[in-house]
Colleague: 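This is the structure I want to talk about, given as structure tokens.
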Amino acid sequence: MTEKNVATDGGLTDEEQAVLDEIDDEGVDFLRLQFTDILGTVKNVSVPADQAEKAFTEGIYFDGSSINGFVRIQESDMRLKPDPETFAILPWRNDEESGAARLICDVINTSTGEPFEGDPRYVLQEAIDKAEEHGFEVNMAPEPEFFLFKTNEDGYATTEFADHGGYFDLAPKDLQSDVRREIIFTLEEMGFDIEASHHEVAQGQYEINFKYDDALSTADNVATFRFVVRAVAAQHDLHATFMPKPVPKINGSGMHTHMSLFKDGENAFHGEGDFDLSETALSYLAGILDHAPAITAVTNPTVNSYKRLVPGYEAPVYVAWSDRNRSALIRKPAAREPVATRIEARFPDPSCNPYLGFASLINAGIDGIERDLDAPDPIRENIYDFDEEKIEEYGIETLPKNLGDAVEALEADDVILGGLGDHVAEKFVEAKNEEFTDYLVNVSEWEIDRYLEKF
């Protein structure tokens, strides 16, 4: 862990004192101390603002046995250690009567005083530390897509689209541009640097892009982004969902993730060869391709994720890369200057735990660098148009077809499974196997409609 996140014996750092000063200046009454469970669900405990100093110096205790995938009942006492760099006022609660703010926390094991190995934020920090051992700083920029649906008279979500626009449409087809604008303003008030916003391909589907940052800050931003989008949507009687494929036979929601490594202030991915990619970038890319089946279990972690990963709906399923088309798993986007050289993993979706997803991508890439892997030739043709013979000729493999296959690939991959750590790996695999088994024994409405009267 970085020094700022290590529990202290007493006293405040300059960053922590600055947070206390801002709490006083902004009239904050309550603090939401946030963390995520292994499945990526944001959890929080609210404390009065006058407990902020105690939170920094002593931590706030909670029952870890009540959190999915954390610890057993006999090991239940855990401690939250707030990261002062994550302090942000919650704009929709910021009034004279009930000003609120949030802090994202690291989870500390009270019996050892060390970071809890089951904390997803810790897992990501371990991957970042591994990259730093090679002198690399990891930057990431995700593009989480989401749907807005109308709610019914009881306030429950439906699958009725909030509008019927399409890619880059304007009003009157894009009826929710005002809601998106409010989401953007809220995010900016919380410190986001928004780069673009637009209607996506499907009806009621949107994308808001924010600027790249270091991997840990970006994972924090994804967690924040999701709860802000949901909160603002709810204020407009809409339901926001990051479910990968909420409606059949239309495009699903992805979370294309751009990555680059910097070393000594320079972009280590930029090179003078073909595609402007360095040998470091090509080996990193090759590492992701090599471990892609296992990574998918983490970056596409639900049964529903694999309803998106099918040919024909712009989601990649082929383990290949390209500098042009979007049918490949990894794309090299065009860059006007060396600092912007990067690769884009197109298969993750926004249901994933961003800390575990980013950690898996980083560990795969660094493994590629450590093994000095050579990237295969890029595929510049549209792979969706290939027949089985041509796919075999090019030696192109496909991603797992379902969650069960992906978990099997994860269990067989020492790099990706090991990068999660023993605790997270065990609990994650257990949860995902249970989810897939539950899916297999259930009968869908599609099956009833198709077979009940036919047979």
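Note that these values count all heavy atoms, side chains included, but never hydrogens, waters or copies made by symmetry.
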Colleague: Would D349 and K245 count as a salt bridge (charged side-chain N to carboxylate O under 4.0 Å, His left out) if you check the C-alpha gap in whole Å, the side-chain angles of each, and the deciding distance to 0.1 Å?
Modeller: CA-CA 10 Å; D349 72 51; K245 191 84 165 185; over 6 Å; no

Colleague: Is there side-chain contact between R342 and K332, with at least one heavy-atom pair below 4.5 Å?
Modeller: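 No, their side chains stay 4.5 Å or more apart.
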
Colleague: Taking salt bridge (Lys or Arg N to Asp or Glu O under 4.0 Å) as the definition, give me every residue that meets it alongside K130, ordered by chain and number, with sequence neighbours left out.
Modeller: none

Colleague: Which heavy atom of R226 sits nearest a heavy atom of P354, and at what distance?
Modeller: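 Minimum heavy-atom contact is NH2-CD, 3.4 Å.
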
Colleague: Quick check: closest heavy atoms across P115 and I108, and the distance to 0.1 Å?
Modeller: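 Smallest interatomic distance, heavy atoms only, reads CA-CD1, 4.1 Å.
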
Colleague: Name the orientation class of the two ring planes belonging to F210 and F225 (parallel below 30°, tilted from 30 to 60°, perpendicular beyond 60°).
Modeller: tilted

Colleague: Can you find a side-chain donor-acceptor pair between E189 and T186 that sits under 3.5 Å?
Modeller: no

Colleague: Do the two ring centres, one from F136 and one from F262, sit under 6.0 Å apart?
Modeller: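 No - the distance between ring centres of F136 and F262 does not fall below the 6.0 Å cut-off.
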
Colleague: Looking at side-chain heavy atoms only, is the closest gap between V138 and E132 below 4.5 Å?
Modeller: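 No, every pair of side-chain atoms sits at 4.5 Å or beyond.
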
Colleague: Quick check: closest heavy atoms across I183 and V228, and the distance to 0.1 Å?
Modeller: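 In this case the closest contact between I183 and V228 is O-CG1, 4.4 Å.
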
Colleague: Does a sphere of radius 6.0 Å around CG in D50 hold more than 12 heavy atoms from other residues, nucleotides or ligands, not counting ones at 6.0 Å or beyond?
Modeller: yes

Colleague: Rounded to the nearest 0.5 Å, what separation is found between the CG atom of L80 and the CG atom of L103?
Modeller: 10.5 Å

Colleague: When you measure from the side chain of N353 to the backbone of I38, do you find a donor-acceptor pair of N or O atoms at a distance under 3.5 Å?
Modeller: yes

Colleague: Assess the side chains of Y355 and D220: does a donor N or O sit below 3.5 Å from an acceptor N or O?
Modeller: yes

Colleague: Rounded to the nearest 0.5 Å, what separation is found between the OG1 atom of T398 and the CG atom of L329?
Modeller: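 Here the rounded value is 10.5 Å.
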
Colleague: Is it the case that the side chains of N433 and E435 hold a donor-acceptor pair, with the cut-off being a distance below 3.5 Å and no angle test?
Modeller: no

Colleague: Under a 4.5 Å cut-off applied to non-hydrogen side-chain atoms, are H239 and R230 in contact?
Modeller: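 No - every pair of side-chain heavy atoms lies 4.5 Å or more apart.
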
Colleague: Taking T241 for the side chain and F147 for the main chain, is one N or O donor matched with an acceptor at less than 3.5 Å?
Modeller: no

Colleague: Does any donor atom in the side chain of E145 or H256 lie under 3.5 Å from an acceptor atom in the other side chain?
Modeller: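 Looking only at side-chain atoms, H256 and E145 do not form any donor-acceptor pair under 3.5 Å.
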
Colleague: Is the CD atom of E53 crowded by more than 12 outside heavy atoms at less than 6.0 Å?
Modeller: no

Colleague: Can you check whether F87 reaches E15 side chain to side chain, under 4.5 Å on heavy atoms?
Modeller: no

Colleague: Over all heavy atoms of both residues, which pair between A364 and I416 is shortest? Give the atoms and the distance, please.
Modeller: CB-CD1, 3.9 Å

Colleague: Would you check if the side chain of D405 reaches a backbone N or O of P400 as a donor-acceptor pair within less than 3.5 Å?
Modeller: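 Side chain of D405 to backbone of P400: no pair is present.
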
Colleague: Which pair of heavy atoms, one from N44 and one from R32, lies closest together, and at what distance?
Modeller: OD1-NH1, 3.3 Å

Colleague: Are the side chain of S217 and the backbone N or O of D214 linked by a donor-acceptor pair below 3.5 Å?
Modeller: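 Checking the backbone N and O of D214 against the side chain of S217, no donor-acceptor pair under 3.5 Å is found.
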
Colleague: Do R102 and T224 have a side chain donor and acceptor closer than 3.5 Å?
Modeller: yes

Colleague: Does the side chain of M140 come within less than 4.5 Å of Y212's, by heavy atoms?
Modeller: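 When only atoms from C-beta onward are counted, M140 and Y212 do not touch, as no gap falls below 4.5 Å.
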
Colleague: To the nearest 0.5 angstrom, please state how far the CG atom of D119 sits from the CD atom of E126.
Modeller: 11.0 Å

Colleague: Kindly compute the distance separating CZ (R79) from SG (C105), expressed to the nearest 0.5 Å.
Modeller: 11.0 Å

Colleague: Does the side chain of N304 pick up a donor-acceptor pair with the side chain of T302 at under 3.5 Å?
Modeller: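 No pair is found: no donor N or O on one side chain lies under 3.5 Å from an acceptor on the other.
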
Colleague: Quick check for you: to the nearest 0.5 Å, what is the distance between I208 atom CD1 and I184 atom CD1?
Modeller: 4.5 Å

Colleague: Taking only residues two or more places apart in sequence or in another chain, which ones pass salt bridge (Lys or Arg N to Asp or Glu O under 4.0 Å) with K150?
Modeller: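 Salt bridge (Lys or Arg N to Asp or Glu O under 4.0 Å) check on K150 returns E160.
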
Colleague: If you apply the rule salt bridge (charged side-chain N to carboxylate O under 4.0 Å, His left out), what do you find for K81 with D106, and how did you get there?
Modeller: CA-CA 5 Å; K81 172 65 176 173; D106 296 304; over 6 Å; no

Colleague: Can you see which heavy atom on A215 is nearest to which on F358, and at what distance?
Modeller: O-CD1, 3.8 Å

Colleague: Going by heavy atoms in the side chains, are L20 and L12 under 4.5 Å from each other?
Modeller: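 They are in contact (side-chain heavy atoms under 4.5 Å apart), so the answer is yes.
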
Colleague: Going through the distances and angles, do K211 and E195 end up as a salt bridge (charged side-chain N to carboxylate O under 4.0 Å, His left out)?
Modeller: CA-CA 6 Å; K211 189 177 180 180; E195 292 191 329; 5.9 Å; no

Colleague: For S360 and N363, does a side-chain donor sit closer than 3.5 Å to a side-chain acceptor?
Modeller: no

Colleague: Is the backbone of Y156 close enough, under 3.5 Å, to the side chain of N152 for a donor and an acceptor to pair up by distance?
Modeller: yes

Colleague: Between T151 (side chain) and D237 (backbone), is there a donor-acceptor pair under 3.5 Å?
Modeller: yes

Colleague: Going through the distances and angles, do Y122 and F116 end up as a ring-ring contact (aromatic ring centres under 6.0 Å, His included)?
Modeller: CA-CA 7 Å; Y122 171 72; F116 172 48; 8.7 Å; no

Colleague: Are side-chain heavy atoms of F436 and N402 found at a separation under 4.5 Å?
Modeller: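 Side chain of F436 against side chain of N402, heavy atoms only: contact under 4.5 Å found.
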
